[in-house]
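Reading through the structure tokens given below for one structure.
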Amino acid sequence: MRIRLSAEVLRNDLVRRVEEISGQDLLACYQCGECSAGCPVAFAMDMLPSQVIRLVQLGQVEEALESETIWLCAACQTCYARCPKGVDLSRIMEALREIALQRDGDYLDIRAIHPEELAEFPQQAFIGGFRKYTW
Ligand code: SF4
Ligand code: SF4
């Protein structure tokens, strides 16, 4: 894949969004590969965890969003435990999943939920739904 690098590409809105949601310093990663070597799900992934963060570092968030890897990540945090730079890749994977789910816009409309149903919903599921399904 050829990537034309520029400040605009490297710091585009989606990169900033990943940083904002995950709270991680993407540039801290120096591609040692420790995360990928220890990931228990890497055998099934179409892209290694270290490759996912590399794509995001290079501003190629759309490519990362196309990967099966972000949905296969089990959030086990083995990568975080192994990372010499303290990068929590599970948070980056979660950020990418959130962006993938939100990209079609808001589709959880609280006004469309009946008040009786609202009272029955588990609060955590409700908050989780808002986090994932609203922009
Ligand atoms: S272990 Fe950390 S520094 Fe190494 S490639 Fe993975 S995220 Fe980057
Ligand atoms: S959190 Fe995800 S990427 Fe990290 S080791 Fe676990 S399954 Fe792999």
Side-chain angles (χ1 to χ4, degrees):
M1 177 172 48
R2 291 182 70 177
I3 302 170
R4 191 179 294 274
L5 293 179
S6 67
E8 290 73 29
V9 170
L10 294 174
R11 301 297 305 159
N12 66 46
D13 288 346
L14 282 176
V15 173
R16 291 174 194 275
R17 185 91 179 119
V18 173
E19 286 178 336
E20 182 187 352
I21 299 172
S22 70
Q24 301 302 294
D25 177 4
L26 298 170
L27 297 181
C29 169
Y30 62 170
Q31 288 290 294
C32 68
E34 285 289 328
C35 49
S36 297
C39 175
V41 197
F43 72 92
M45 291 172 166
D46 59 355
M47 192 180 289
L48 293 171
S50 53
Q51 292 174 317
V52 171
I53 190 171
R54 189 60 172 156
L55 278 177
V56 180
Q57 282 178 328
L58 295 173
Q60 308 303 299
V61 178
E62 291 290 351
E63 299 285 337
L65 292 174
E66 294 300 317
S67 167
E68 297 280 327
T69 293
I70 65 173
W71 303 105
L72 289 172
C73 168
C76 67
Q77 293 194 309
T78 303
C79 47
Y80 182 37
R82 293 172 63 97
C83 179
K85 299 301 296 289
V87 177
D88 189 343
L89 251 173
S90 67
R91 286 177 179 265
I92 294 169
M93 298 290 190
E94 173 66 9
L96 291 166
R97 287 193 293 268
E98 282 190 30
I99 292 169
L101 290 169
Q102 292 167 348
R103 65 196 319 189
D104 293 332
D106 294 353
Y107 51 96
L108 183 60
D109 183 359
I110 193 167
R111 293 162 301 188
I113 304 172
H114 195 279
E116 282 181 18
E117 288 176 329
L118 213 52
E120 293 294 317
F121 282 161
Q123 283 191 349
Q124 281 191 330
F126 197 62
I127 291 166
F130 262 103
R131 200 162 155 235
K132 283 195 165 62
Y133 301 121
T134 60
W135 193 223

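Order of appearance sets the numbers: ligands from 1, and atoms from 1 within every ligand. A quick note: this is a predicted structure, and the numbers were derived from the prediction, not measured.
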Min heavy-atom dist A75 to ligand 2 below 4.0 Å
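The answer is yes, since A75 has a heavy atom less than 4.0 Å from ligand 2.
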Taking the non-hydrogen atoms of L89, is any one of them nearer than 4.0 angstrom to ligand 2?
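No, L89 has no heavy atom closer than 4.0 Å to ligand 2.
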May I ask you to decide if [Y]'s main-chain N or O and [X]'s side chain share a donor-acceptor pair within less than 3.5 Å?
X   : Y   : result
Q31 : S50 : yes
D46 : T69 : yes
Q24 : V87 : no

Kindly indicate whether the side chain of [X], heavy atoms from C-beta on, has any atom under 4.5 Å from the side chain of [Y].
X   : Y   : answer
Q57 : R54 : yes
V9  : Q60 : yes
I92 : L89 : yes

Please assess R16 against E19 for the test salt bridge (Lys or Arg N to Asp or Glu O under 4.0 Å), listing each intermediate value before the final yes or no.
CA-CA 5 Å; R16 291 174 194 275; E19 286 178 336; 5.9 Å; no
Could you check which of P49, C29, C32 puts a non-hydrogen atom nearest to atom 7 (S) of ligand 1?
C29
Look at [atom] and say which protein heavy atom is nearest, naming residue and atom and giving the distance to 0.1 Å.
atom                    : answer
atom 4 (Fe) of ligand 2 : C79 SG, 2.3 Å
atom 6 (Fe) of ligand 2 : C76 SG, 2.2 Å
atom 2 (Fe) of ligand 2 : C73 SG, 2.4 Å

Which of the numbered atoms in ligand 1 are under 4.0 angstrom from any heavy atom belonging to Q31?
5 (S), 8 (Fe)
Considering only heavy atoms of C83, which atoms of ligand 1 have at least one such atom less than 4.0 Å away?
1 (S), 2 (Fe), 3 (S), 7 (S)
Please confirm if an N, O or S atom belonging to C39, backbone or side chain, lies less than 2.8 Å from atom 6 (Fe) of ligand 2.
no
With heavy atoms of [X] as the reference, note each atom of ligand 2 found under 4.0 Å away.
X   : answer
A74 : 2 (Fe), 7 (S)
V41 : 7 (S)
S90 : 1 (S)
Q77 : 1 (S), 6 (Fe)

Decide whether Y80 and V18 are clustered together by the hydrophobic rule: side chain heavy atoms of Ile, Leu, Val, Met, Phe, Trp, Tyr closer than 4.5 Å, transitively.
no
Determine, step by step, whether R97 and E94 satisfy the salt bridge (Lys or Arg N to Asp or Glu O under 4.0 Å) criterion, reporting the C-alpha distance in whole Å, the side-chain angles of both residues, the deciding distance to 0.1 Å, and the verdict.
CA-CA 5 Å; R97 287 193 293 268; E94 173 66 9; 2.8 Å; yes
